[in-house]
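Below, all heavy atoms of this structure are taken into account, side chains as well, without hydrogens, waters or symmetry copies. Numbers restart at 1 for each chain; the letters A, B, ... are given by sequence-line order, proteins then strands.
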Amino acid sequence: MNDVVQNRPLVDVKNLHMQFELHHRGPGSLGLRSRKNYVHAVNDVSFSIDQGEAFCLVGESGCGKSTIARLITGLERPTSGEIHFDGQRVDQLSRGEQRPLRKRMQMIFQNPYASLNPRMTVDEALVEPLKHHFPDYSPQDIQQRKTDIMRSVGIDQTWSDRYPDAFSGGQRQRIAIARALTVDPEFMIADEPISALDASIQAQILNLMLEARAERGITYLFIAHDLNVVQHFATRVAVLYLGSICEISSTRTLFERPKHPYTRALLSAIPQLKDDKPKYIRLRGERPTPLAPPTGCPFESRCHFATNRCRHERPRPMRQPDGSTVACHAVEEDRLDD
Amino acid sequence: MALLSVQNLNVKFGGPFGAITAVNNVSFELQKGERLGIVGESGAGKSITGFAMMNLLNAPGFIDRGKVLFDGQDMVRLNERQLRKIRGNRMAMIFQDPLVTLNPVLTIGQQMVETLMAHRRLRQDEAEFIAIQKLREVYISAPESRLGQYPHELSGGMRQRVIIAIALLLDPDLIIADEPTTALDVTTQADILELLLHLCMANNVGLILITHDLGVVCQLTERVMVMYAGEVVETGKTREVINDPQHPYTQGLISALPQQTLPGTPLKSIAGYMPSLLSLPEGCPFHPRCAYASPECTRERPSLVQYRDASVACHEVNRLHQETLVE
Ligand SMILES: Nc1ncnc2c1ncn2[C@@H]1O[C@H](COP(=O)(O)OP(=O)(O)OP(=O)(O)O)[C@@H](O)[C@H]1O
Ligand SMILES: Nc1ncnc2c1ncn2[C@@H]1O[C@H](COP(=O)(O)OP(=O)(O)OP(=O)(O)O)[C@@H](O)[C@H]1O
Ligand code: SF4
Ligand SMILES: [Mg+2]
Ligand SMILES: [Mg+2]
């Protein structure tokens, strides 16, 4: 399935950092906001995505996945670090300079309820980007393209004149996917695109996305919680924890031989259809907060393998013999049981 | 007496092309402490069924007929004041759309404190204390400082956990959870599922879990109800339905799971899409997509028939059962 992957990075992210400032406000009798607080959402993240890859980001809720996606699309500016798209540095571009990139890069947002304009009918939502990005299309071309896309994601033609609030969560998400597909982008960032869909429609959309990859070499940055979906869709996977990368690996290696203790816990928590309780590795210990990230390993407070070194020294990403990259002292010291 | 008894519920939406029936003749019961799952095609009417149980439908939606007896009182007949006493308090819903629960211009703390003070006689600091406790229960770290944040400043999964915390604020007897863990990673999901399970078992809380994640349904519920195009097509014990689905739609749903296919190869989706509710076919609503459809299926609507613990609405299943009976 790696046939369409070319050894040319389309997206290159270097030492990305993102901090959000928190302001003092709210009911606050118990608020601890006397000094400035920062949410350290992304800490020194580097990775690159080759042309034609389906690169997946997974990790705990709040670990910075959506923030990374928003930084790459230029919706937000990083605190520091660099983002390159097709050889061009894009993290400092003005809105105007971003415009030519919009057609090449599309994003599907996490919340289907927020990703559609409530005052646009389905028809308008699909036609608008077509008109904008393909000014030389005739009205017939636009209609044709719109109809094809609607059919491919299972949007009934009779829905055209309805506004988003007349649709279920999954129906809205399909409209958002159709909208991103209309302009035939080279790179698609999909933040939980199919989480709101039932298994059969998930399958249809995933098939559609895999097909676009096989036929047109479209590159994906895919964020998903459902690891069965990740295993099926991804070529490579990056596992994030509290804004840092724990492990980057080819999909196969990750699922066959997960290394980082967090990755192992993650894989053990996949809900099973079978009755027998899986060997769920329960994560004990306090969840760390990105408001005051630990100085050592970010996973230290919940890790079964933590030592004193883990408490004080931040593990660096290290290349492994099987090609994966892992940031963990225990892996480096080779003291994980297999 | 059942905690909740839904009888022949019909929900319609008025519209320029005539009314559509989004929920068609749905009936089920839930005992105290029982956990029921609702699964089914996107747009099948799961959320609308949830809204109807709370009597929370907005125009152009309305309950056309049927009863929703909660602790013996018909939610359909109660007035707004009586409903407010029940909603959020004895019966809480975790909405699929986070913006139904969360007001974007209020901080998390303001919203939680307001909800608490509207139903209980509490001082501000007592309410804040409970809010912090509930946030900790859903594994929000440093909850004290999160109280002052606005919804858009939280990640998708954190927002979802705040919503769950709000639903739990007043210790309800019945929780209707619409896709409660869809936005969560698997470890957080596992913790939240355990929390819900614990609540149901320890405090005898009833749970209606709406989700499309069959793994989650398996872990959390005892019974499951499968919906298609506004109707219940199969119900039964969760394990039995998932491991041995009877209705062709349920079978298709389960074979579409990525676990059932080799990575990178096309997944087995059910051919075609659910018909628009405006133009439902005659006969069985699933027949245009069904491999077993017979002429009877194109003419006559199958009704739910009970076989031991399960009920299925399918002519083919019916026929198979008759055959085995004859033998
Ligand atoms: N305001 C409305 N006007 C007309 N039809 C509506 C309206 N709101 C919902 N519907 C229709 O009612 C049907 C049931 O919607 P519902 O939200 O219950 O689906 P669901 O089963 O929860 O799906 P999902 O899994 O995608 O959330 C859908 O087909 C939807 O299009
Ligand atoms: N505008 C903002 N202001 C302050 N904090 C923010 C803002 N946006 C995100 N954050 C914080 O950054 C962290 C990472 O958030 P992000 O949305 O990237 O997480 P995520 O990995 O996508 O999680 P999920 O799986 O729950 O969607 C969170 O702690 C969140 O509260
Ligand atoms: S570095 Fe230490 S604390 Fe971090 S994951 Fe590895 S063993 Fe655990
Ligand atoms: Mg997110
Ligand atoms: Mg729904």
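Proximity to chain A is absent for every atom of Q160(B), based on heavy atoms less than 4.5 angstrom apart. Contact annotation for L262(B): only backbone heavy atoms (N, CA, C, O) come within less than 4.5 Å of a heavy atom of chain A. Within the 4.5 angstrom heavy-atom criterion, no atom of F13(B) approaches chain A. For a residue to count as touching a neighbouring chain, one of its non-hydrogen atoms must lie under 4.5 Å from one of that chain's; by this rule S279(B) does not touch chain A. Only the side chain of L291(A) comes within contact range of chain B, judged by heavy atoms closer than 4.5 Å. Using a 4.5 Å cut-off between heavy atoms, R159(B) does not touch chain A at all. The parts of N228(A) that come within reach of chain B are both its backbone and its side chain, each placing non-hydrogen atoms under 4.5 angstrom from that chain. Only the side chain of Q110(A) comes within contact range of chain B, judged by heavy atoms closer than 4.5 Å. Contacts between R252(A) and chain B at a heavy-atom distance below 4.5 Å are absent for every atom of the residue. Using a 4.5 Å cut-off between heavy atoms, T289(A) contacts chain B through both its backbone and its side chain.
Between D185(B) atom CG and Y241(A) atom OH the span is 10.0 Å, to the nearest 0.5 Å. Within the model, atoms OG of S155(B) and CD of E60(A) stand 9.5 Å from one another, a figure rounded to the nearest 0.5 Å. Summarising the geometry, atom CD1 belonging to I270(A) is positioned 11.0 Å from atom OG1 belonging to T187(B); distances are rounded to the nearest 0.5 Å. The structure places CG of D165(A) at 9.0 Å from CG of N58(B), a figure rounded to the nearest 0.5 Å.
Interface check for chain B: of the options L266(A), N207(A), D156(A), T251(A), the most heavy-atom pairs under 4.5 Å are formed by N207(A). Of the residues considered (S168(A), S61(A), G59(A)), S61(A) shows the highest number of contacts with chain B, using heavy-atom pairs under 4.5 Å. The residue among G170(A), A203(A), C63(A) with the most heavy atom pairs within less than 4.5 Å of chain B is A203(A).
Just one residue in the list V186(B), L214(B), L193(B) forms a side chain to side chain contact (heavy atoms under 4.5 Å, CB included) with P271(A), and that residue is V186(B).
A donor-acceptor contact shorter than 3.5 Å is absent between the side chain of E211(A) and the backbone of P266(B). The closest donor-acceptor contact from the side chain of H232(A) to the backbone of T265(B) lies under 3.5 Å.
Applying the side chain to side chain contact (heavy atoms under 4.5 Å, CB included) rule to R289(B) yields the partners S200(A), E41(B), Y228(B), I270(B), M274(B), F286(B); only residues at least two apart in sequence or on another chain are considered.
Residues R146(B) and P290(A) come closest through the heavy atom pair NH2-CG, 3.5 Å. Listed here is the closest heavy atom pair of Y273(B) and V153(A): OH-C, 3.5 Å. For the residue pair S42(B) and D198(A), the shortest heavy atom distance occurs at N-OD2, 2.7 Å. Residues S195(A) and T182(B) come closest through the heavy atom pair O-CG2, 3.0 Å.
Considering only heavy atoms from C-beta on, Q231(A) stays 4.5 Å or farther from Q259(B) through its side chain.
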